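As structure tokens, the structure follows; a few thoughts come after it.
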Amino acid sequence: MNNFDILFFISTIDELIFSCRGKHLDDLELAILQGVFENRKYADIAKNNHRSGKYVKDLAGKLWQTLSIVLGEKISKSNIKSSLQRYHHYNSVNLINKGQGNKQNIYAPFLESELIQSKKY
């Protein structure tokens, strides 16, 4: 994942968090997200930010809980990237579909296959 992707996803997370709690990510939460996207361990993130590993892990857990509520699925350090990619894909498709008006939905077969695979229909 390149720096642009990381910044894009962190910006998306910041918007989601703001929509839920009415305040943006703080500096340590930003550092946690960047570290997670760079596949760093909580201990490394803590050391670089002069905090204890336990504090960083606890704060990250609260962040995952909030994102789980906002995104409607269990979020963790191990699935945050794929969850955000699904969220971005879903919103991109919805924007395209809204712009089509009465035109045929060119993504319908793709969306239908996603629903069948996820068994959420």
Side-chain angles (χ1 to χ4, degrees):
M1 192 172 272
N2 65 39
N3 283 339
F4 178 77
D5 290 338
I6 293 170
L7 292 174
F8 176 76
F9 282 122
I10 289 175
S11 173
T12 301
I13 292 170
D14 186 48
E15 290 174 22
L16 292 169
I17 293 294
F18 184 80
S19 73
C20 182
R21 65 182 189 194
K23 67 177 194 171
H24 292 281
L25 297 166
D26 65 28
D27 291 344
L28 184 54
E29 289 169 325
L30 289 169
I32 289 168
L33 289 170
Q34 183 159 357
V36 166
F37 281 106
E38 294 170 352
N39 297 313
R40 294 179 22 222
K41 298 188 180 296
Y42 289 139
D44 294 334
I45 297 167
K47 182 179 176 183
N48 289 339
N49 289 277
H50 311 290
R51 298 285 178 24
S52 74
K54 181 179 177 354
Y55 182 76
V56 167
K57 188 174 182 178
D58 289 346
L59 184 61
K62 290 176 185 175
L63 189 58
W64 306 146
Q65 280 182 317
T66 304
L67 285 170
S68 295
I69 291 167
V70 173
L71 293 174
E73 66 178 279
K74 184 165 174 43
I75 303 296
S76 67
K77 180 180 181 183
S78 62
N79 75 350
I80 185 66
K81 293 176 190 176
S82 59
S83 295
L84 284 174
Q85 287 171 338
R86 278 191 301 278
Y87 171 80
H88 177 67
H89 170 76
Y90 174 79
N91 284 318
S92 296
V93 169
N94 278 343
L95 285 174
I96 291 169
N97 289 342
K98 285 181 183 177
Q100 287 182 353
N102 292 330
K103 295 179 187 172
Q104 181 183 5
N105 182 351
I106 61 171
Y107 291 96
F110 181 74
L111 294 174
E112 184 177 352
S113 68
E114 278 187 333
L115 289 172
I116 291 168
Q117 288 175 351
S118 69
K119 297 181 181 165
K120 291 183 180 179
Y121 51 97

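Just the heavy atoms: all of them, side chains too, but no hydrogens, waters or symmetry mates, feed the values below. These numbers were taken from a predicted model, which means no experiment stands behind them.
Proximity of Asn39 to Lys81: side-chain heavy atoms (C-beta onward) are separated by under 4.5 Å at one or more points. Val56 places none of its side-chain heavy atoms less than 4.5 Å from the side chain of Asn49. Counting only heavy atoms from C-beta outward, the side chains of Ser68 and Gln65 never approach each other to under 4.5 Å. Contact annotation: the side chain of Leu59 never approaches that of Arg51 to less than 4.5 Å [non-hydrogen atoms, C-beta and beyond]. Side-chain contact between Val36 and Leu63 is absent, with no heavy atoms from C-beta onward closer than 4.5 Å.
Taking 4.0 Å as the cut-off between side-chain N and carboxylate O, Asp58 and Lys62 do not count as a salt-bridged pair.
Ring-plane geometry between Phe37 and Phe9 is classed as parallel, the angle between the planes falling under 30 degrees on a 0 to 90 degree scale with a further cut at 60.
Remark: Asn79 pairs with Ser76 by the side chain to side chain donor-acceptor pair (under 3.5 Å) rule, at least two apart or across chains.
Residue Phe8 holds its CZ atom at 4.5 Å from NE2 of His88, rounded to the nearest 0.5 Å. Rounding to the nearest 0.5 angstrom, the gap separating the OG1 atom in Thr66 from the CD1 atom in Ile17 is 5.0 Å. Remark: Ser83 OG to Leu71 CG distance equals 6.5 Å, nearest 0.5 Å. Here Leu33 contributes atom CG and Ile13 contributes atom CD1; the two are 4.5 Å apart, rounded to the nearest 0.5 Å. Atoms NZ and NZ, from Lys77 and Lys57 in turn, are 9.0 Å apart once rounded to the nearest 0.5 Å. Between the CD1 atom of Ile80 and the CD atom of Gln85 there is a distance of 10.5 Å, given to the nearest 0.5 Å.
Grouping the Ile, Leu, Val, Met, Phe, Trp and Tyr side chains by contacts below 4.5 angstrom, directly or via other members, places Leu67 apart from Leu7. Residue Tyr55 is grouped with residue Ile45 when hydrophobic side chains (ILVMFWY) are merged at heavy-atom distances under 4.5 angstrom, including chains of intermediate members. Hydrophobic clustering keeps Phe18 apart from Leu28 (ILVMFWY residues linked when any side-chain heavy atoms are closer than 4.5 Å, directly or through intermediates).
Listed by first then second residue, pairs satisfying side-chain hydrogen bond (donor to acceptor under 3.5 Å, both in side chains) with a partner in residues 12-26 read Asp14-His24, Arg21-Glu29, not counting sequence neighbours.
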